[in-house]
*Asks:* 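Next up is a structure, given as structure tokens.
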Number of protein chains: 2
Amino acid sequence: MIRSAAPCEVASPTVEVEERIGRASATLTPAERRVAEVVLEKPQLVAFGTVAELAEASGSGAATVVRLASKLGYDGFTGLQTSVQHALARQLRPAAERIREPAASDAIGRHLDLELDNVATTLRALDDGALTDLVQHLAAPTSRVFVLSGDASLGVARQFVAELHVLRDDVSLIDGNDVAVRRAVSLMRPTDVLVAIDLRRYDRWVIDTAREAQTHGVWCTAITDSLLSPLAAVAEHTFTVAAAGGGPFDSHVGTLALANVIVAALADRLRAEATDRLDRAEAAWRKGDALTDR
Amino acid sequence: MIRSAAPCEVASPTVEVEERIGRASATLTPAERRVAEVVLEKPQLVAFGTVAELAEASGSGAATVVRLASKLGYDGFTGLQTSVQHALARQLRPAAERIREPAASDAIGRHLDLELDNVATTLRALDDGALTDLVQHLAAPTSRVFVLSGDASLGVARQFVAELHVLRDDVSLIDGNDVAVRRAVSLMRPTDVLVAIDLRRYDRWVIDTAREAQTHGVWCTAITDSLLSPLAAVAEHTFTVAAAGGGPFDSHVGTLALANVIVAALADRLRAEATDRLDRAEAAWRKGDALTDR
DNA sequence: GGACGGATGGAATGTCTGTTCCACATTGTA
DNA sequence: TACAATGTGGAACAGACATTCCATCCGTCC
């Protein structure tokens with residue numbers, strides 16, 4: 001049987017160092033061995049710590065630490081530390097960069113990795129408290145919900161609006177020419193809720209509109225690419241999305257995944273009313289025979 | 001129902017730092033903002049690097065880096081560095097604790113699993129030959145491209161249309177009332193291309209419209225949930241998508257990922273014309289000062 | 001039992017890094 | 001246009017660090 005030769009390339013934090021320690025383990029003195037054990041068990045201590053800390057953790061002297069590093073073939077402790085740092089950095093790289101290394105296998109696979117990373121990064125960064133707060137505002141029966149989006153994400157925003165609108169009334173997308181947008185904003189009330197969606201290379205009119213809405217006392221949330229986004233400045237909560245694209249455009253897959261979570265959470269909170277609305281829509285479809293299974 | 005208070009301790013690489021940057025973002029000077037961007041994008045540089053390196057990476061001086069750290073409330077750069085180190089160390093805690101991540105009993109984790117699966121299933125099922133063929137038809141300069149979508153996926157379809165339209169002319173979404181739709185179909189020609197998007201509980205009008213288009217000799221492609229879909233019957237190629245949703249609606253994350261792949265492939269094939277179109281759009285935006293970085 | 005060799009940790013040293021201060025540039029304003 | 005205020009980076013300074021050297025200790029062999 002030919003076993004695949006260790007396909008798991010993630011490996012432990014310090015492949016390079018482990019190998020050198022294994023190779024030299026026979027020639028290590030007792031004190032050096034204690035240091036080596038700590039290096040293997042707590043790589044962070046090597047990556048972030050100092051010679052003195054590593055010496056204390058292993059119950060030895062600073063000189064022993066440096067001697068071990070030299071014996072392993074490194075240029076002093078600094079060399080060992082650099083090696084461990086590189087290993088750790090490689091392990092926690094956001095996968096978006098990891099992909100470009102292997103000379104891009106097939107196009108579809110590259111997209112797959114990219115989009116998976118977009119979804120994972122976006123949803124892992126999602127703060128539960130902020131989500132709950134947003135949903136609470138979206139669920140308020142007295143509020144009206146407005147969605148504002150840059151041109152690049154307009155389709156996804158429309159998808160978001162459409163699904164929100166199934167769950168509750170008074171959901172609208174702010175869109176159209178300058179006159180229409182300004183009118184819409186001028187009619188906003190402090191009880192209203194705004195969800196603004198825009199990624200870097202921000203549309204100026206979106207930023208301006210969001211700012212204007214905030215001055216009207218509207219409760220704002222931002223879905224954007226960074227906490228340094230101008231949208232974040234006007235928002236109570238900011239949800240950051242990963243949007244690395246394999247083509248000429250940003251990918252809004254992460255944004256849509258986030259939208260799905262928000263919609264699902266809102267549906268959960270509005271269960272009673274939402275199911276009623278869904279049932280009525282269902283009845284209307286059935287009456288008109290609008291849907292079919294085949 | 002008492003919601004579990006979501007202890008979810010995973011968090012993103014630098015939750016602490018991110019929060020502080022978001023809070024202070026309004027008071028940051030231009031140079032400080034550049035530094036902050038690097039801090040958010042490359043935490044490793046802060047954790048492993050020095051003030052000088054961070055200064056160079058952000059194109060600013062060492063003093064600015066230290067000032068930013070102080071402004072964020074840290075005790076100098078050292079404090080900022082320590083904070084990032086702690087965050088990174090938490091993130092890469094080996095396997096033992098991270099195994100909980102994919103399991104995920106909380107709502108967000110459930111969505112994460114679902115959406116990852118949607119993307120993976122959809123793109124893994126994507127046939128390279130079919131994709132190439134579709135792109136070839138989409139790239140034909142004599143063809144006109146029509147996109148047809150069920151109501152549930154209309155937003156994603158609009159996103160698809162918008163991006164296609166940046167790459168080439170004559171792309172339109174078939175939408176509107178029955179009269180408008182029938183007129184649009186009646187004017188179709190055998191050289192045209194139709195991409196029909198609809199998932200189970202198919203919209204009858206979408207199926208009918210697609211069939212009608214086919215009788216006009218239009219080259220049809222289906223993006224749907226199954227090869228048994230009625231859309232598949234009229235299509236030259238059928239791309240199946242996974243759309244399991246955590247809420248009351250289907251998730252169109254997989255569909256959007258597929259759309260991204262198609263758009264990217266088309267952009268690749270139309271490189272010359274597409275970049276020209278992108279450049280002209282860019283010039284127009286610049287002239288009107290429509291986009292901004294902050 | 002004494003002397004030798006290696007191992008070990010403490011202290012001195014020189015380099016590197018973070019911090020602070022100040023002169024210069026840049027922006028906004030009268 | 002001139003002035004004021006703020007932003008900004010270079011240079012000096014002080015501290016921390018890795019490194020090296022050396023005295024001490026322990027085990028071993030003669």
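Remember, predicted model here, so these are calculated numbers, not experimental data.
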*Asks:* Assess the side chains of B:Glu37 and A:Ser226: does a donor N or O sit below 3.5 Å from an acceptor N or O?
*Replies:* no
*Asks:* Using heavy atoms and a sub-4.0 Å distance, could you list which residues of residues 49-57 of chain B are near DNA chain C? By number, please.
*Replies:* B:Thr50, B:Val51
*Asks:* Please list, chain by chain and in numerical order, all residues satisfying ring pair (Phe, Tyr, Trp, His ring centres under 6.0 Å) with A:Trp219, sequence neighbours excluded.
*Replies:*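 Result, ring pair (Phe, Tyr, Trp, His ring centres under 6.0 Å) vs A:Trp219: A:His137, A:His237.
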*Asks:* Short of 4.0 Å, heavy atom to strand atom, which residues of residues 69-81 of chain B count as contacting DNA chain D?
*Replies:*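 Per residue number, the list is empty: none.
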*Asks:* Among residues two or more places apart or on two chains, list those pairs meeting ring-ring contact (aromatic ring centres under 6.0 Å, His included) that have a residue in residues 17-51 of chain B.
*Replies:*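 Found A:Phe48-B:Phe48.
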*Asks:* Salt bridge check, B:Arg277 against B:Glu273: does any charged N sit closer than 4.0 Å to a carboxylate O?
*Replies:*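 No, B:Glu273 and B:Arg277 are not salt-bridged.
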*Asks:* Determine, step by step, whether A:Thr238 and A:Leu231 satisfy the side chain to side chain contact (heavy atoms under 4.5 Å, CB included) criterion, reporting the C-alpha distance in whole Å, the side-chain angles of both residues, the deciding distance to 0.1 Å, and the verdict.
*Replies:* CA-CA 8 Å; A:Thr238 300; A:Leu231 281 184; over 6 Å; no
*Asks:* Sequence neighbours left out, what passes side-chain hydrogen bond (donor to acceptor under 3.5 Å, both in side chains) with A:Arg211? Give chain and number order.
*Replies:*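 Once residues adjacent in sequence are excluded, A:Arg211 has no partner under the side-chain hydrogen bond (donor to acceptor under 3.5 Å, both in side chains) criterion.
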*Asks:* Applying side-chain hydrogen bond (donor to acceptor under 3.5 Å, both in side chains), name anything that partners B:Asp276, two or more places apart in sequence or on another chain.
*Replies:* B:Arg280
*Asks:* List for me each residue that meets side-chain hydrogen bond (donor to acceptor under 3.5 Å, both in side chains) alongside A:Asp192, sequence neighbours excluded, and say none if there are none.
*Replies:*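 So A:Asp192 forms a side-chain hydrogen bond (donor to acceptor under 3.5 Å, both in side chains) with A:Arg144.
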*Asks:* Taking only residues two or more places apart in sequence, or in another chain, which ones meet A:Arg204 in a side-chain hydrogen bond (donor to acceptor under 3.5 Å, both in side chains)?
*Replies:*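 Testing A:Arg204 for side-chain hydrogen bond (donor to acceptor under 3.5 Å, both in side chains), a comparison that skips the adjacent residues, returns B:Asp289.
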*Asks:* Base contacts versus sugar-phosphate-only contacts with protein, heavy atoms under 4.0 Å: please encode nucleotides 8-13 of chain D as B, S and - from 5' to 3'.
*Replies:* BBB---
*Asks:* What does nucleotides 23-29 of chain D look like as a protein-contact string, B for base, S for sugar-phosphate only, - for none, at under 4.0 angstrom between heavy atoms?
*Replies:* -------
*Asks:* If you count heavy atoms of other groups shown closer than 6.0 angstrom to CG of B:Asp75, is the number above 12?
*Replies:*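 Count not over threshold, so no.
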*Asks:* How close do A:Leu134 and A:Phe239 get, heavy atom to heavy atom, and via which atoms?
*Replies:*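 In this case the closest contact between A:Leu134 and A:Phe239 is CD2-CE1, 3.7 Å.
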*Asks:* Can a salt bridge be assigned to the pair A:Arg158 and A:Asp175 using a cut-off of 4.0 Å between side-chain N and carboxylate O?
*Replies:*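 Result for this pair is yes, salt bridge flagged.
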*Asks:* Test side chain to side chain contact (heavy atoms under 4.5 Å, CB included) on A:Leu164 and A:Val195 and set out the steps.
*Replies:* CA-CA 12 Å; A:Leu164 285 181; A:Val195 179; 5.8 Å; no
*Asks:* Do any side-chain atoms of residues 60-70 of chain A form donor-acceptor pairs under 3.5 angstrom with protein atoms, and if so which ones, sequence neighbours left out?
*Replies:*
unit_1  : atom_1 : unit_2  : atom_2 : d
A:Ser60 : OG     : A:Ser58 : OG     : 3.0
A:Ser70 : OG     : A:Val66 : O      : 3.2

*Asks:* Does atom NZ (B:Lys71) have a neighbourhood of more than 12 heavy atoms from anything else shown, all under 6.0 Å?
*Replies:* yes
*Asks:* First contact, last contact: which nucleotides of DNA chain C are these for chain A, 5' to 3', heavy-atom distance under 4.0 Å?
*Replies:*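 For DNA chain C, the relevant span reads C:dA7 to C:dG10.
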